[in-house]
Structures are given as structure tokens and as C-alpha cells.
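Read the structure below first, then the notes.
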2 protein chains.
Amino acid sequence: MISNSSKYAVKAVLYLAVNSSEDHKILAKDISTPTNIPKAYLSKVLQELSRHNIVSSVRGPGGGFYLSKENIKTPLMKIIQVMDGDNRLTSCMLSLQECDAEHPCPMHDLVGNTKVNFVKNLEENTVGDLVKDIKAGKSFLPL
Amino acid sequence: MISNSSKYAVKAVLYLAVNSSEDHKILAKDISTPTNIPKAYLSKVLQELSRHNIVSSVRGPGGGFYLSKENIKTPLMKIIQVMDGDNRLTSCMLSLQECDAEHPCPMHDLVGNTKVNFVKNLEENTVGDLVKDIKAGKSFLPL
DNA sequence: AGATTAAAAGACATTTTTATCCTTTATATG
DNA sequence: CATATAAAGGATAAAAATGTCTTTTAATCT
């Protein structure tokens with residue numbers, strides 16, 4: 001569905017959203033351990049996320065990763081786009097060029113609405129929205 | 001969403017469903033050309049599909065691939081399961097073990113219903129169902 | 001300034017996916 | 001039976017995804 005890298009990215013961002021702040025930054029290794037994401041690979045993921053302003057980072061002593069107020073407003077879709085590219089979720093199920101509602105491929109209607117809803121949800125919901133659910137006990141990040 | 005191999009598989013099966021029959025078998029290379037699937041790779045895909053009774057094949061002169069009456073009843077989900085395994089579409093968005101309706105991960109509800117519907121559609125619809133749509137002009141396989 | 005800390009960056013290794021090529025086996029036909 | 005045909009099977013190659021390691025850069029603190 002989405003790549004491992006995307007899963008790692010979402011997990012790490014949510015972990016930061018729940019546990020970090022501008023004055024409580026978290027080291028890569030301290031995200032790696034509770035999330036079970038290999039440290040070196042996670043570092044690469046965080047680096048990429050940082051480059052796209054999805055997470056914030058500071059080097060040196062007292063440094064680490066955290067989410068700014070801006071970062072928290074990131075739509076989930078952006079995380080997936082950065083890690084997996086634009087096409088993985090949105091492209092035609094058979095990778096045909098001319099596939100749309102008027103000229104659907106054989107799988108289009110089968111998947112069409114549900115996929116569109118899915119992507120819409122990812123675009124409309126931000127990191128902050130998910131954190132609200134976690135804090136309200138509506139969903140769980142087992143760490 | 002689904003792998004390239006799955007896309008190739010669905011395309012090839014639909015091509016056979018529309019163009020072949022037990023007394024009009026089609027060679028791998030004659031599927032490869034119109035579908036733009038690399039011949040050698042397609043052969044591997046067809047081999048795998050044949051092994052799982054999703055397509056039928058006969059060797060030697062006059063041989064080739066075709067779909068039997070039974071083959072046409074194959075649910076689309078089976079094709080994807082054979083090529084991509086069981087988990088790609090159905091597993092938790094964050095690959096967490098304990099993620100279900102009662103104990104949802106943060107992305108579960110965001111995607112949950114739409115994903116369940118999607119998989120249900122793939123399970124309920126067969127190759128033959130898609131062919132009906134194609135023949136009725138409701139969808140298009142551009143070949 | 002020098003030492004230490006931690007992310008950024010680059011190089012490299014492994015695994016999986018995608019793709020190609022060559023040999024073998026089954027089938028049909030002269 | 002010999003030959004040609006076409007899928008099955010096996011070996012190999014290239015590309016992408018995943019994972020690791022080392023060096024460099026930026027920041028902090030004596």
C-alpha cells in the first residue's frame with residue numbers, strides 16, 4: 001500500500017508529535033528504540049523529512065528532532081508524497097495513461113471511489129489531527 | 001498500491017479473457033506486444049499464474065495461453081495475492097500487530113473503511129465481471 | 001580556541017523487485 | 001522417429017528499496 005519508508009516516516013513523525021517540542025528535542029536513536037526502526041535508516045528518513053520541512057532539527061549538544069507548530073499542520077499525504085512520490089497511491093491501478101472517470105480502465109470503478117476517498121482523507125488530515133485522536137484515546141501508537 | 005507484477009498479471013489475464021478461448025490460445029509474445037509488457041518477464045508472470053490455476057496453458061505447436069471457464073471465475077484478489085502476497089493490501093498501514101477496529105492505529109480509521117471496501121471489491125469481483133464491463137463499453141483496455 | 005555532541009552527507013552493503021537469457025520438457029506434425 | 005513449436009524452469013543481471021557505516025558540518029559548552 002505505502003512503502004516501508006513511508007511507514008517509518010509516519011511513525012517517527014507521530015512519535016515526535018506526541019513526545020517532542022521545541023524545548024524538548026529528541027535524538028534519532030531515542031526515536032529508533034521505541035519505534036523499532038533501524039537507527040541509521042531512520043536517520044536517513046528524518047533527514048529527508050527535515051529537508052522538506054516536515055520535521056525540524058538542530059545539531060549539536062541539546063539538539064535533536066522536534067515538530068514546530070508549522071510542522072504539526074503537515075497533511076499526511078505530504079509525508080507519503082515525499083517518501084513514495086506522487087504516483088504510488090494516485091496512479092491508475094493498471095498504470096494506464098488515459099484512465100479517468102470518463103474513460104475508466106477495467107479496475108477503475110472497482111477501486112475508484114474508495115481510493116479517491118482514501119487519498120482525500122490523507123490530504124485533509126494533518127499530523128495534528130492524528131495526535132488529537134491519540135490523546136483522546138481514540139487510537140493507539142504502541143511504544 | 002499494487003506491484004508492477006500484479007498490474008502485469010491483471011492486464012495479461014484480462015487480455016486473455018477478452019481475446020482467447022480454449023480453441024484460440026495465445027502466445028506469450030502475442031500478449032507482450034499489445035500490452036507493452038516485456039516478453040521474458042511476462043512469461044514468468046504467466047508461469048506463476050498457470051501454477052496457481054489462474055490461466056491455462058498448453059505447450060508445443062498450437063499451444064499458448066487461454067482462460068478456461070473455471071479461470072474466468074477467478075476473483076481479482078487472488079491474482080494480487082499470488083503476485084504480491086497476502087499482506088500488501090490488507091496489513092495495517094503502520095505494520096503494527098495489534099491494529100484492529102477495537103484497538104486502531106492512528107491511521108486505521110483514516111483508511112479503514114475505504115481499504116476494507118477496496119479489498120472486498122477485489123474479492124467479490126471476478127475476471128469475468130470485468131470482462132462484462134469491457135464488452136458493455138463501460139470500461140476500456142487500450143490495446 | 002578546543003572538545004564534545006548530534007544531525008547532515010556520502011559511501012557502501014544487502015535484499016527485493018524487475019528484467020533477460022538459455023536450457024529443458026511437453027506437444028504436435030510431417 | 002525426427003523436427004519444430006511453445007511453455008516451464010533455471011541462472012543471471014540490472015534497478016530500486018532497505019539497511020549500515022564513516023566522515024563532515026553545525027552547535028554548544030567548557
Side-chain angles (χ1 to χ4, degrees), chain A residues 1-13 16 20 22-33 35-68 71 80 82-85 87-88 95, chain B residues 1-13 16 20 22-33 35-68 71 80 82-85 87-88 95:
Chain A
M1 193 72 123
I2 62 177
S3 70
N4 252 311
S5 296
S6 271
K7 292 180 183 184
Y8 289 166
V10 171
K11 277 192 201 181
V13 167
L16 285 173
S20 81
E22 182 145 14
D23 52 320
H24 180 65
K25 304 183 186 70
I26 302 186
L27 307 186
K29 74 165 180 303
D30 293 328
I31 305 173
S32 161
T33 306
T35 54
N36 278 308
I37 303 170
K39 183 195 172 295
Y41 195 63
L42 174 62
S43 293
K44 286 294 175 199
V45 169
L46 287 168
Q47 196 179 311
E48 187 73 5
L49 294 174
S50 176
R51 217 177 279 131
H52 288 85
N53 291 304
I54 293 169
V55 305
S56 300
S57 67
V58 173
R59 296 198 248 198
F65 295 93
Y66 68 99
L67 296 200
S68 68
N71 294 154
I80 292 168
V82 163
M83 302 310 298
D84 289 350
N87 297 336
R88 180 155 180 150
S95 294
Chain B
M1 194 72 124
I2 61 176
S3 71
N4 251 312
S5 295
S6 272
K7 292 181 183 184
Y8 289 166
V10 171
K11 276 192 202 181
V13 167
L16 285 174
S20 80
E22 182 145 13
D23 52 318
H24 180 65
K25 305 184 185 69
I26 302 185
L27 306 187
K29 73 166 187 303
D30 293 329
I31 305 172
S32 162
T33 306
T35 55
N36 277 308
I37 304 169
K39 181 195 172 297
Y41 194 62
L42 174 62
S43 293
K44 287 295 175 199
V45 169
L46 288 168
Q47 197 178 311
E48 188 74 5
L49 294 174
S50 176
R51 217 177 279 132
H52 288 84
N53 291 303
I54 293 169
V55 305
S56 301
S57 67
V58 173
R59 298 198 246 198
F65 295 93
Y66 68 99
L67 296 201
S68 68
N71 294 154
I80 292 169
V82 163
M83 302 310 297
D84 290 348
N87 297 335
R88 180 156 181 149
S95 294

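The structure displayed is predicted, hence computed values, not measured ones. All values below come from the heavy atoms of this structure, side chains included, with hydrogens, waters and symmetry mates left out. A, B, ... follow the sequence lines: proteins, then strands. Residue 1 opens every chain.
- Between A/Tyr66 atom OH and C/dA7 atom C1' there is a gap of 13 Å when expressed in whole angstrom units.
- Contact check, B/Tyr8 against C/dA19: a side-chain N or O comes under 4.0 Å of OP1 or OP2.
- A/Ser50 contributes no side-chain N or O that, together with a main-chain N or O of A/Leu46, makes up a donor-acceptor pair within less than 3.5 Å.
- Distance, A/Asn4 CG to C/dT16 C1': 11 Å, rounded to whole Å.
- Between the CG atom of B/Leu27 and the C1' atom of C/dT27 there is a distance of 14 Å, rounded to whole Å.
- In terms of heavy atoms, B/Phe65 sits closest to B/Ser20 at O-CB, 4.0 Å.
- In the 5' to 3' direction, nucleotides of DNA chain D lying under 4.0 Å from heavy atoms of chain A begin and end at D/dT18 to D/dT28.
- As judged by a 4.0 angstrom heavy-atom cut-off over every strand, A/Leu42 is placed among residues making no nucleic acid contact.
- Within the model, atoms CG of B/Leu67 and CD of B/Glu22 stand 11.0 Å from one another, a figure rounded to the nearest 0.5 Å.
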Output a table of nitrogen or oxygen pairs between the protein and nucleotides 8-10 of chain C separated by less than 3.5 Å.
from: C/dA8; atom 1: OP1; to: A/Ser50; atom 2: OG; distance (Å): 3.2
from: C/dA8; atom 1: OP1; to: A/Ser57; atom 2: OG; distance (Å): 2.7
from: C/dA8; atom 1: O4'; to: A/Arg59; atom 2: NH1; distance (Å): 3.0
from: C/dA9; atom 1: OP2; to: A/Arg51; atom 2: NH2; distance (Å): 3.4
from: C/dA9; atom 1: N7; to: A/Lys44; atom 2: NZ; distance (Å): 3.3
from: C/dA9; atom 1: N7; to: A/Gln47; atom 2: OE1; distance (Å): 3.3
from: C/dG10; atom 1: N7; to: A/Lys44; atom 2: NZ; distance (Å): 2.7
from: C/dG10; atom 1: O6; to: A/Lys44; atom 2: NZ; distance (Å): 2.8

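- One atom, NZ of B/Lys25, and another, P of C/dA26, lie 18 Å apart when rounded to the nearest Å.
- Contacts classified as salt bridge (Lys or Arg N to Asp or Glu O under 4.0 Å) and involving residues 40-49 of chain B (residues at least two apart or in different chains) are given here: B/Glu48-B/Arg51.
- Place A/Gly62 and A/Tyr41 on DNA chain D by their nearest nucleotides, and A/Tyr41 ends up nearer the 5' end.
- For the residue pair A/Lys7 and B/Ser95, a side-chain donor N or O sits within less than 3.5 Å of a side-chain acceptor on the partner.
- Side-chain contact annotation: A/Ser5 with A/Tyr41, donor-acceptor N/O pair under 3.5 Å present.
- Remark: B/Tyr8 OH to B/Thr35 OG1 distance equals 9.0 Å, nearest 0.5 Å.
- Expressed to the nearest 0.5 Å, how far CG of A/Asp84 lies from OG of A/Ser6 amounts to 3.0 Å.
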